[in-house]
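All values derive from a computational prediction rather than experimental measurement.
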Amino acid sequence: MPPDAEPLFADENGFNGSVEITRVIFTAEDDGYAVVEARDDSGGDIILTGTLAHLSPGERARISGQWQEHTKFGPQLKVSTALPLDPDDRAGQIAYLSSLHHIGPVRAEALCDLYGAEVLEKIAADPSGVFASLPKLGAAQAEAATESWYSTRSVRDLHVELAPHGLAHLAGRIHARFGDQAMQTIREDPYRLTEVEGVGFARADTIALAADVPPESDRRAQAAAYYLLGEAERRGHTHLPLPDLVNQAARLLGYRPEPSVLTEARGLIEEEGRIYREHTLNREYWCAGDLRDRALAEPHLDHDPERPADESLTAEQWQAVLGAFSARVSIVTGGPGVGKTVCTRAIVTGSRDANLRIGLCAPTGRAARRLTEATGTEAQTIHRLLEWRPGSEPAFKPGHPLPVDLLIVDEASMINLHMAEVLLGGLGLDTHIVLVGDADQLPPIGAGKPFADLIESGIVPVTRLTHIFRQAARSMITTAAHEVDQGRAPHLEPEADQDHDFYFLERVTPERCRQAVVEMVSERVSAGLDLDPIRDAQVLAPIYRGEVGIDALNRELQEALNPDGGKAMSDRFRIGDRLIQTRNAYELGLMNGTICFLVEDHPNEAEAVLETDDGQTVVIPYDESGDLRLAYAISVHKSQGCEIPVVIFVCHRSHSGMLTRPLIYTAITRARRMCVLVGDLPALEAGVKRDEGGGRYSSLVERLRA
């Protein structure tokens, strides 16, 4: 803020007035926190911090907050409330109208020319009529613009309702979940807000208590129980033991509820002291029954493959191939370099020799593409294979099975209980299923661990490949991964016949650790390996916050790798940025975890062009880009199912609570040409000893054995 431009409504400690957002400097991944630049009514520039992700450049807002002095960046306003306002000047009105579907800056200017300073009032009175009056705007486009207007205004009303509770930045998501009933839902049952990602029980509880819900009411306790089961599923559990649920509810509520009150919550079921959400219990029963039926059935395929004469397959690999044809469900598992891909190719060859209808799939697009390259046969994602968009029924389902005789599912350790249910439901009982994966990687995101549970149950043939082939053993990446998997810290110097493709850089302070990561990616990837540092290198870290968290690394890596990229998407990104989609957007063809690159920006049309890492081109409207994030650094979970030429994994002591053996193992096994760990050795060694990969409540094993 210039010294000669004092903000209006300001005093020594606080500020209360209207501002115009001029630039978004930073938006956090998970909670709506943002740093933005704004201009107050006196023309002074202000840096604002707080839950401001709901504000975009060109918007006006009524701001209140307290001044703080940042040691590096000077005075900043820590915002407590930020209520959007209609812009009162032409430039602001154009910016606001440009965000609507099919309007953009050119048509926004035309609207201002037609209706003058009262353009927003005119649209509010008759949106369909005003948009229809625009020359060269078709009827369908005018209708879409009208719907966009109504959506924007209803979200604005939600901002006002939610701002006192610190949830204004989630108004868009809440409106997307509840639609026109959002306001009514908040007032009648505020605990339903926990159905929206980003809204925890505490905030919904604040609204409920403000609406006079008694603190020790059964309604409040049961809402807490249902919420806690949902959170448990997000952590991977299918249920919670009743004592655990009571203890967690007591911490959440501030008093210890009666167990019988919790078990009577709508949508929860108690089974022998285990508390489930009803649909999850039904899902676990169904998957167990289906898998058990397949395991007990005689093989359907009448094919006895002939072993290759060149002895290219080991005995254990050949056992895996035989299992594919001699059992309706079989499993092939093992770490890197043990020949899972060779087995898969042999099964494909055997199926072709027998003229079988074969299908290949994987949970992610990257894994499916790798499977295609490895076998020469087209592989698809599970969603595409079944023609399934979550929220609607798949095309292939019980009663209408996928027409394949044998299906190979790669990266099967990534499949959670829900995906297993949909996949099995889309396959006829006669179909042979071969699950291929690494049981020691991180368990799947979401409830359950069917791959690991099926192995543990012992009801289907499992081939564990253990022999590390000589060529693979030349890579330190391979041997480091196996050492970590065995609970030992990896050796850091190559053996006499090994390639030095695995490194550890010890950096104790967060600042030096961050600097080492940035230097490694920005300088050494291109100079030493002749690779593109944006497209061929991936930084992985366990957490988002902190000085060496994903958010901080992304900011510095963007500045180092793409300093001159033109501003794009209303200043959120730069042309050339590496991005990741964080939720499924089926209508756009962008799945959760898709890596893409921003190649073009068209502000007049309020849309941008992305190139996905498998070469597809996607045109994305600005208002559907909210789930894109910088991806110079991502979490290890987001990297599952892919291989990357260069991986730089941060294992600093500030991450020690999150460092586990499966996490470190998974990070290392993502690397294809080089893997560099940056951090401090004690944190790495402690993480390798912490085996918390399978610590999930699941009853699938006992149901499979029943």
Please name the pair of heavy atoms, one in [X] and one in [Y], separated by the smallest distance, quoted to 0.1 Å.
X	Y	value
His239	Ser698	CE1-N, 3.5 Å
Leu663	Met658	CD2-O, 3.6 Å
Trp286	Glu421	CZ3-O, 3.6 Å
Arg670	Gln441	NH2-NE2, 2.9 Å
Pro450	Gly448	CD-C, 3.6 Å
Ile634	Ile550	C-CD1, 3.6 Å

Is [Y] close to [X] at the side-chain level, that is, under 4.5 Å between some pair of heavy atoms?
X	Y	answer
Phe573	Ser625	no
Thr341	Arg345	yes
Glu702	Arg705	no
Leu301	Asp405	yes
His602	Val609	yes
Arg572	Arg629	yes
Val646	Leu529	yes
Cys596	Asp613	no

For [Y], does its backbone N or O pair with a side-chain atom of [X] as donor and acceptor, under 3.5 Å?
X	Y	result
Asp601	Ala608	no
Asp290	Gly425	no
His432	Gly323	no
Ser148	Ala144	no
Arg294	Leu424	yes
Arg574	Leu598	no
Ser457	Val701	no
Glu316	Thr466	yes
Lys340	Gly335	yes
Arg578	Leu630	no

Under the side-chain contact (heavy atoms from CB on, under 4.5 Å) rule, what do Leu371 and Thr344 come out as? Steps first, then yes or no, please. CA-CA 9 Å; Leu371 186 56; Thr344 302; 3.9 Å; yes
Value rounded to 0.5 Å, distance of [atom1] in [X] from [atom2] in [Y]:
X	Y	atom1	atom2	value
Ile358	Thr431	CD1	OG1	11.5 Å
Arg283	Leu281	CZ	CG	11.0 Å
Met674	Asp536	CE	CG	12.5 Å
Thr594	Asn592	OG1	CG	8.0 Å
Leu423	Ile382	CG	CD1	5.0 Å
Arg235	Arg696	CZ	CZ	10.5 Å

Do [X] and [Y] meet the criterion of a side-chain donor-acceptor pair at a distance under 3.5 Å?
X	Y	result
Thr280	Glu233	yes
Tyr632	Gln538	no
Gln558	Asp577	yes
Thr463	Gln319	no

Stepwise side-chain contact (heavy atoms from CB on, under 4.5 Å) check, Thr381 with Thr364: CA-CA 6 Å; Thr381 64; Thr364 68; 5.8 Å; no
Given Asp438, Asp440, Asp485, the one that forms side-chain hydrogen bond (donor to acceptor under 3.5 Å, both in side chains) with Tyr665: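 Result for side-chain hydrogen bond (donor to acceptor under 3.5 Å, both in side chains) with Tyr665: Asp438.
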Contacts of Phe502 that satisfy ring-ring contact (aromatic ring centres under 6.0 Å, His included) - sequence neighbours left out: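 Here no residue qualifies.
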For the residue pair Phe325 and His303, does the interplanar ring angle fall in the parallel (under 30°), tilted (30 to 60°) or perpendicular (over 60°) class?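 Answer is perpendicular, since the angle exceeds 60°.
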Cation-pi check for Phe597 against Arg535: NZ or CZ below 6.0 Å from the six-membered ring centre and within 45 degrees of the axis, yes or no?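 Flagged: Arg535 positioned over aromatic ring of Phe597.
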Between Thr372 and Glu378, is a side chain to side chain donor-acceptor pair (under 3.5 Å) present by the stated rule, with each step listed? CA-CA 5 Å; Thr372 299; Glu378 183 186 5; over 6 Å; no
Test side chain to side chain donor-acceptor pair (under 3.5 Å) applied to Thr194 and Tyr226, step by step: CA-CA 10 Å; Thr194 59; Tyr226 194 86; over 6 Å; no
Carefully, step by step, assess Asp551 and Arg555 under the rule salt bridge (charged side-chain N to carboxylate O under 4.0 Å, His left out). CA-CA 6 Å; Asp551 289 337; Arg555 290 197 298 275; 5.7 Å; no
Just list the side-chain donor-acceptor pairs under 3.5 Å for residues 407-416, sequence neighbours left out, or say none.
| unit_1 | atom_1 | unit_2 | atom_2 | d |
| --- | --- | --- | --- | --- |
| Glu411 | OE2 | Arg370 | NH2 | 2.9 |
| Asn416 | OD1 | His418 | N | 3.2 |
| Asn416 | OD1 | Met419 | N | 2.8 |
| Asn416 | ND2 | Ile445 | O | 2.9 |

Which residue, Ile664, Thr666, Thr669, Thr479, forms the side chain to side chain contact (heavy atoms under 4.5 Å, CB included) with Val484?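 For Val484, the side chain to side chain contact (heavy atoms under 4.5 Å, CB included) test succeeds with only one of Ile664, Thr666, Thr669, Thr479, which is Ile664.
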